[in-house]
Asks: 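If you scroll down you'll find the structure; I have some questions about it.
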Amino acid sequence: MDEDEWLQRYGLHPDTGQLDEVRRLLREQTDAERRAQGRGDTALMKLCCVQLFTAAAPDDILLIWQAKTASMDADASIEIHLLCGGGLTATKDHLAADRSAPARAALRRLLACEEAGDFEDFSVARQTAAYSSYYA
């Protein structure tokens, strides 16, 4: 399934019952991309991350991080902002409470990006509106 078909099927705001399917596809594409850059569909991966961003479930933060760090292409395609569907502060707090290596790495990157000014005008509402416009 390509990005357009996936967007048509689930939209940017999938129902709660559809989120497991979004997670499954993201894991599948992430695994393919980790095996070899270009095997996963990074545009489809980004769309799945946007869908999870709009759902704002803290448990999806590391899933999005895994997708982002699957390859150089994925890292460029999946913005760091997509980790923060529940807000920047809540995301930092969630990552700080998780002592796993991926959580520590994600938090380091997030803090570095924040320090560099990447989150200066960030808001979940503004980011969601930008994705809605992008995928319209």
Side-chain angles (χ1 to χ4, degrees):
M1 179 172 300
D2 70 13
E3 176 187 10
D4 291 333
E5 292 170 319
W6 189 259
L7 184 60
Q8 185 98 7
R9 180 180 285 182
Y10 296 109
L12 285 185
H13 306 277
D15 294 333
T16 303
Q18 298 170 322
L19 290 174
D20 283 341
E21 183 66 16
V22 173
R23 293 177 185 110
R24 181 203 59 75
L25 180 63
L26 182 56
R27 282 186 189 99
E28 179 182 288
Q29 293 297 315
T30 298
D31 290 346
E33 188 67 13
R34 279 195 186 287
R35 280 193 297 280
Q37 186 166 305
R39 277 195 155 165
D41 182 336
T42 57
L44 184 55
M45 290 167 66
K46 177 180 178 170
L47 175 56
C48 289
C49 291
V50 169
Q51 291 169 322
L52 295 176
F53 172 89
T54 65
D59 290 341
D60 290 329
I61 294 169
L62 287 180
L63 178 59
I64 295 167
W65 175 251
Q66 293 299 325
K68 178 171 181 50
T69 59
S71 71
M72 287 179 56
D73 284 349
D75 193 51
S77 296
I78 300 169
E79 297 94 356
I80 191 75
H81 301 90
L82 287 169
L83 298 176
C84 303
L88 178 58
T89 300
T91 300
K92 291 190 299 187
D93 291 347
H94 180 79
L95 291 170
D98 183 332
R99 300 313 234 160
S100 69
R104 288 193 313 268
L107 182 58
R108 277 193 305 273
R109 173 85 73 87
L110 196 63
L111 292 172
C113 289
E114 182 181 25
E115 188 174 307
D118 294 343
F119 285 89
E120 201 164 293
D121 292 326
F122 175 81
S123 78
V124 172
R126 194 172 306 120
Q127 199 72 27
T128 301
Y131 290 127
S132 294
S133 176
Y134 178 80
Y135 286 104

Asks: Looking only at heavy atoms, what is the nearest atom pair of Leu82 and Ile78, with distance?
Replies: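 So the minimum-distance heavy-atom pair works out to CD1-CG2, 3.8 Å.
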Asks: Roughly how far, to the nearest 0.5 Å, is CD1 of Ile64 from SG of Cys49?
Replies: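 Nearest 0.5 Å value for the SG-CD1 distance: 5.0 Å.
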Asks: Taking all atoms of both residues into account, what is the closest heavy-atom pair of Gly85 and Ala56, and its distance?
Replies: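 Gly85 and Ala56 have their closest heavy atoms at O-CB, 3.4 Å.
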Asks: Is a side-chain N or O of Thr54 found less than 3.5 angstrom from the main chain of Gln51, in a donor-acceptor match?
Replies: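 Side chain of Thr54 to backbone of Gln51, a donor-acceptor pair under 3.5 Å: yes, one is there.
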Asks: When you measure from the side chain of Thr42 to the backbone of Ser77, do you find a donor-acceptor pair of N or O atoms at a distance under 3.5 Å?
Replies: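 It does not hold such a pair.
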Asks: Is the shortest side-chain N to carboxylate O distance from Asp75 to Arg109 below 4.0 Å?
Replies: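 Looking at Asp75 and Arg109, the cut-off is met.
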Asks: What pair of heavy atoms forms the shortest contact from Met45 to Ala70, and how long is it?
Replies: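 Smallest interatomic distance, heavy atoms only, reads CE-CB, 4.2 Å.
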Asks: Determine, stepwise, if the pair Ser71 / Asp73 fulfils side chain to side chain donor-acceptor pair (under 3.5 Å).
Replies: CA-CA 5 Å; Ser71 71; Asp73 284 349; 5.3 Å; no
Asks: First locate atom CE of Met1, then atom CZ of Arg9, and finally report the distance between them rounded to the nearest 0.5 Å.
Replies: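 Answer for the CE-CZ pair, Met1 versus Arg9, is 3.0 Å.
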Asks: Look at Arg23 together with Asp20 and state whether they make a salt bridge at an N to O cut-off of under 4.0 Å.
Replies: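 Salt bridge flag = yes for Asp20 with Arg23.
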Asks: Determine, stepwise, if the pair Arg39 / Gln29 fulfils side chain to side chain donor-acceptor pair (under 3.5 Å).
Replies: CA-CA 8 Å; Arg39 277 195 155 165; Gln29 293 297 315; over 6 Å; no
Asks: Before you tell me yes or no, could you show the steps for Leu12 and Leu47 under side-chain contact (heavy atoms from CB on, under 4.5 Å), namely the whole-Å CA-CA distance, both residues' side-chain angles and the distance that decides it to 0.1 Å?
Replies: CA-CA 8 Å; Leu12 285 185; Leu47 175 56; 3.7 Å; yes
Asks: How about Leu19 and Asp60: do any of their side-chain heavy atoms sit closer than 4.5 Å?
Replies: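 Counting from C-beta outward, Leu19 and Asp60 never come under 4.5 Å.
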Asks: Let me see the working for Leu63 and Cys48 under side-chain contact (heavy atoms from CB on, under 4.5 Å), right down to the final yes or no.
Replies: CA-CA 10 Å; Leu63 178 59; Cys48 289; over 6 Å; no
Asks: Would you say the side-chain atoms of Asp15 pair up with the backbone N or O of Gly17, donor to acceptor, closer than 3.5 Å?
Replies: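 Not confirmed, Asp15 side chain does not pair with Gly17 backbone.
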Asks: Could you tell me whether the side chain of Cys84 reaches within less than 4.5 Å of the side chain of Val124, counting heavy atoms only?
Replies: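 No; the side chains remain at least 4.5 Å from each other.
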Asks: Enter the distance from Asp98:CG to Leu107:CG here, rounded to the nearest 0.5 Å.
Replies: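 One finds 10.0 Å between CG of Asp98 and CG of Leu107.
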Asks: In terms of heavy-atom contacts, does CD of Glu5 have more than 12 from other residues, nucleotides or ligands at under 6.0 Å?
Replies: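 Above 12, so yes.
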Asks: Between Arg34 and Thr69, is there a side-chain heavy-atom distance shorter than 4.5 Å?
Replies: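 The answer is yes, as the side chains (C-beta and beyond) meet within the 4.5 Å cut-off.
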Asks: Quick check with a 6.0 Å cut-off and a 45 degree axis cone: is Lys46 positioned over the face of Tyr131's six-membered ring?
Replies: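 Here Lys46 fails the 6.0 Å and 45° test against Tyr131.
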Asks: Ignoring hydrogens and geometry, is there a side-chain-to-backbone donor-acceptor pair from His81 to Leu88 under 3.5 Å?
Replies: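 No.
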Asks: Report yes if the side chains of Val22 and Trp6 come closer than 4.5 Å at any heavy-atom pair, otherwise no.
Replies: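 Yes; the side chains approach each other to less than 4.5 Å.
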Asks: Does Thr91 reach the side chain of Ile61, with side-chain heavy atoms less than 4.5 Å apart?
Replies: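 With C-beta onward as the side chain, the pair touches.
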Asks: Can you check whether Lys68 reaches Glu79 side chain to side chain, under 4.5 Å on heavy atoms?
Replies: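 Sidechains of Glu79 and Lys68: no contact.
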Asks: Which value, rounded to the nearest 0.5 Å, describes the distance between Cys113 atom SG and Asp118 atom CG?
Replies: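 Those atoms lie 4.5 Å apart.
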Asks: From Leu52 CG over to Leu83 CG, what is the distance, rounded to the nearest 0.5 angstrom?
Replies: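 If I round to the nearest 0.5 Å, the distance is 11.0 Å.
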Asks: Do the non-hydrogen side-chain atoms of Phe119 and Leu110 ever get within less than 4.5 Å of each other?
Replies: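 Sidechains of Leu110 and Phe119: in contact.
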Asks: Please round to the nearest 0.5 Å and tell me the distance separating atom CG of Leu7 and atom CD of Glu3.
Replies: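 Taking CG in Leu7 and CD in Glu3, the distance rounds to 7.0 Å.
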Asks: Show the nearest heavy-atom pair for residues Ala103 and Leu95, with the distance to one decimal.
Replies: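 Between these two residues, the closest heavy atoms are CB-O, 3.8 Å.
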Asks: Identify whether Met72 and Ile80 are in the same connected component of the hydrophobic contact network (ILVMFWY, side-chain heavy atoms under 4.5 Å).
Replies: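 Hydrophobic grouping puts Met72 apart from Ile80.
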Asks: Measure from the side-chain N and O atoms of Glu33 to the backbone N and O of Gly38, and report whether any donor-acceptor pair falls under 3.5 Å.
Replies: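 Yes; judged by distance alone, with no hydrogens or angles, the pair exists.
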Asks: Heavy atoms only: give me the nearest Gly86-Ala90 pair and the separation to one decimal.
Replies: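 Reported closest heavy-atom pair: O-CB, 3.5 Å.
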Asks: Going by heavy atoms in the side chains, are Glu114 and Lys92 under 4.5 Å from each other?
Replies: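 Side-chain contact under 4.5 Å: yes.
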